[in-house]
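These notes are about the structure you will find just below.
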2 protein chains.
Amino acid sequence: MTGKQFTSVWIREPRKATSPGRSREEIVRAAVEMLDGEGLGGLSMRKLGARLSAGATSLYWYVANKDELLELAYDEVWAEMTVPDPDRVGWRDSASALAYSMRRVVLRHPWSADLIGRLPALGPHAMGVADRMRKMFRAAGFTGVDIDFANATLTAYVFGMTIPEIAWNTAMGDQGYDAGEMRAAVAKAAADHPDMLERINMAGYDDPQAMREMCFDFGLVSVLDGLERRLAT
Amino acid sequence: MTGKQFTSVWIREPRKATSPGRSREEIVRAAVEMLDGEGLGGLSMRKLGARLSAGATSLYWYVANKDELLELAYDEVWAEMTVPDPDRVGWRDSASALAYSMRRVVLRHPWSADLIGRLPALGPHAMGVADRMRKMFRAAGFTGVDIDFANATLTAYVFGMTIPEIAWNTAMGDQGYDAGEMRAAVAKAAADHPDMLERINMAGYDDPQAMREMCFDFGLVSVLDGLERRLAT
DNA sequence: ACCTGAACACCGTTCAAGT
DNA sequence: ACCTGAACACCGTTCAAGT
């Protein structure tokens, strides 16, 4: 019982909604814009305050601390993920549509990848997605805990594939990176492993974007095949 | 061509190895200990300097900046992952042994989960693991790019499963968290989704540790089954 | 009820200066 | 070759004080 108490915006009672002054929504919206534009390191309470032409510390009236603000912003990302209705397209198609949607959304908000390992996804939008995913896997024929396990497996795959992708993107400077430079860097790092060097010189390695999409597809069908197999047993 | 240049410790020429004074190894070792003990947020260049009873900025002689130090520490984590020899145990057994090993290692160094999305894994130990994994999947029968795709799929699954687990652990304060409190928190967050509330009251939900291990196993066999299916086609 | 500024205890990093 | 301290430009957060 020595650990810190568990806290989260989603647990605390929010302040009563009022009309005057700034609103939490406005603040969160501005925070998301700032995060999209400058990344997780680019968001500071002071800069966000300035952007809203408020004093540096006014935000603390609406939000307990920066972590809670990030929880709020994080949940907005979940709002952008779409889960198709499995009654209309079949669970496999729903599942892959969701997987692609999750990937696109996280790539669009790279800072969110950093939060996956830091904040539990307890917000209403994250819960909404989880709820619809449960329905999807139930419709597929999963029962009991297997519903959650299938859910976790698919989510893990998508995030696990996408998170390191973001590491690459940001390391290369997000845009206009030099393919040759990257290849040289990797070649140098792999110098002791002839097997890996060979890989780097393989066809397709100079279009990493296309390569990553093929890779994602390969893994996704593997995961879905594996899940389908669970249903047969 | 407007993006930042790509930089990494593994690309820069290191300083010549010398005997006197502090060494890079010593610094990295201390950094890892600090990270294990206090987390990513607990490591500062100043505190690390003090710990080595050096001036606050002496470390900059050995390391270009904090990010490079983290790259070095990150690679130490990869050193702890073990890939069995697939010639002795068969690829499926090797693959699951590796998966469990990766999961254990990351859980032991929770800060590393934050780095997966931030730093490309280009260090020698990460390369070593990747190299051995390639051999494993080649032995399994994969060829060409499929070797890398299978590799990426398994890695993605393991990290994707483990990263959010860490978010939970740290949110609950790492140790001695209150299961009842946690359940109440989740129940509150899921209040609008009866389907999910039902899940929370399911058997086994009060031993999250055991639950997560079952979940990991479920997903792992799914992924391996899916990969095996790729071999048949 | 909402907002402010000053203040506190921190950061990473640079750089001239020391030995 | 190695280490230092001062200095710069930042942080998140608290809190008494204002309206």
Nearest whole Å is fine: how far is [N] [atom2] from [X] [atom1]?
{"X": "A:Leu59", "N": "D:dT13", "atom1": "CG", "atom2": "C1'", "answer": "12 Å"}
{"X": "B:Tyr62", "N": "C:dG12", "atom1": "OH", "atom2": "P", "answer": "19 Å"}
{"X": "A:Lys66", "N": "D:dT13", "atom1": "NZ", "atom2": "C1'", "answer": "12 Å"}
{"X": "B:Ile27", "N": "D:dC2", "atom1": "CD1", "atom2": "P", "answer": "11 Å"}
{"X": "A:Tyr60", "N": "C:dG5", "atom1": "OH", "atom2": "C1'", "answer": "15 Å"}
{"X": "B:Trp61", "N": "D:dA1", "atom1": "CH2", "atom2": "C1'", "answer": "5 Å"}
{"X": "A:Glu68", "N": "D:dG12", "atom1": "CD", "atom2": "P", "answer": "15 Å"}
{"X": "B:Met45", "N": "C:dC10", "atom1": "CE", "atom2": "C1'", "answer": "16 Å"}

(request) Among the candidates D:dT4, C:dC11, D:dG12, find the nucleotide nearest to the side-chain atoms of B:Ser58. (result)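 Selected nucleotide (nearest to the side chain): D:dT4.
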(request) Return the nearest nucleotide to the side chain of A:Ala54; candidates are C:dT4, D:dC11, C:dC11. (result) C:dT4
(request) Could you check A:Arg46 against A:Gly55 and say which one's nearest nucleotide on DNA chain C is further toward the 5' end? (result)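 Its nearest nucleotide lies further toward 5', so the answer is A:Gly55.
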(request) Could you tell me the separation between the CG atom of B:Leu72 and the OG atom of B:Ser8, rounded to the nearest 0.5 Å? (result)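 Reported value, rounded in 0.5 Å steps: 9.5 Å.
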(request) Answer with yes or no whether the side chains of B:His109 and B:Glu80 bring together a donor and an acceptor at under 3.5 Å. (result) yes
(request) Would you check if there is a donor-acceptor pair between the side chains of B:Asn151 and A:Arg199 at a distance under 3.5 Å? (result)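 A:Arg199 vs B:Asn151: no donor-acceptor pair found between side chains.
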(request) Rounded to whole angstrom, note down the P distance from C:dA9 over to D:dA9. (result) 22 Å
(message) Using OP1 and OP2 only, check whether a side-chain N or O of B:Thr57 sits under 4.0 Å from D:dT4.
(response)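 Answer is no, no contact under 4.0 Å.
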(request) Sort out the partner of D:dA1 for me: Watson-Crick or G-U wobble, both distances under 3.5 Å, none otherwise. (result)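 Result: C:dT19.
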(message) With a 3.5 Å limit on both atom pairs, tell me what D:dA7 is paired to, counting Watson-Crick and G-U wobble, or say none.
(response)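 The answer is C:dT13, by the H-bond criterion.
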(message) Looking only at the aromatic ring of each residue, does the gap between the centers of B:Tyr100 and B:Phe216 stay below 6.0 angstrom?
(response)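 Yes, they do, as the ring centres are separated by less than 6.0 Å.
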(request) Using a strict 4.0 Å threshold on nitrogen-to-oxygen distance, state whether A:Asp131 and A:Lys135 make a salt bridge. (result)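 Looking at A:Lys135 together with A:Asp131, the answer is yes, because their closest N to O distance falls below 4.0 Å.
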(message) Taking the nucleotide of DNA chain D with the nearest heavy atom to each, does A:Ala64 or A:Lys47 sit closer to the 5' end?
(response)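 Per heavy-atom nearest nucleotide, the more 5' residue is A:Lys47.
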(request) Give A:Leu48 one of three labels, base, sugar-phosphate or nothing, depending on what nucleic acid heavy atoms sit under 4.0 Å from its own. (result) nothing
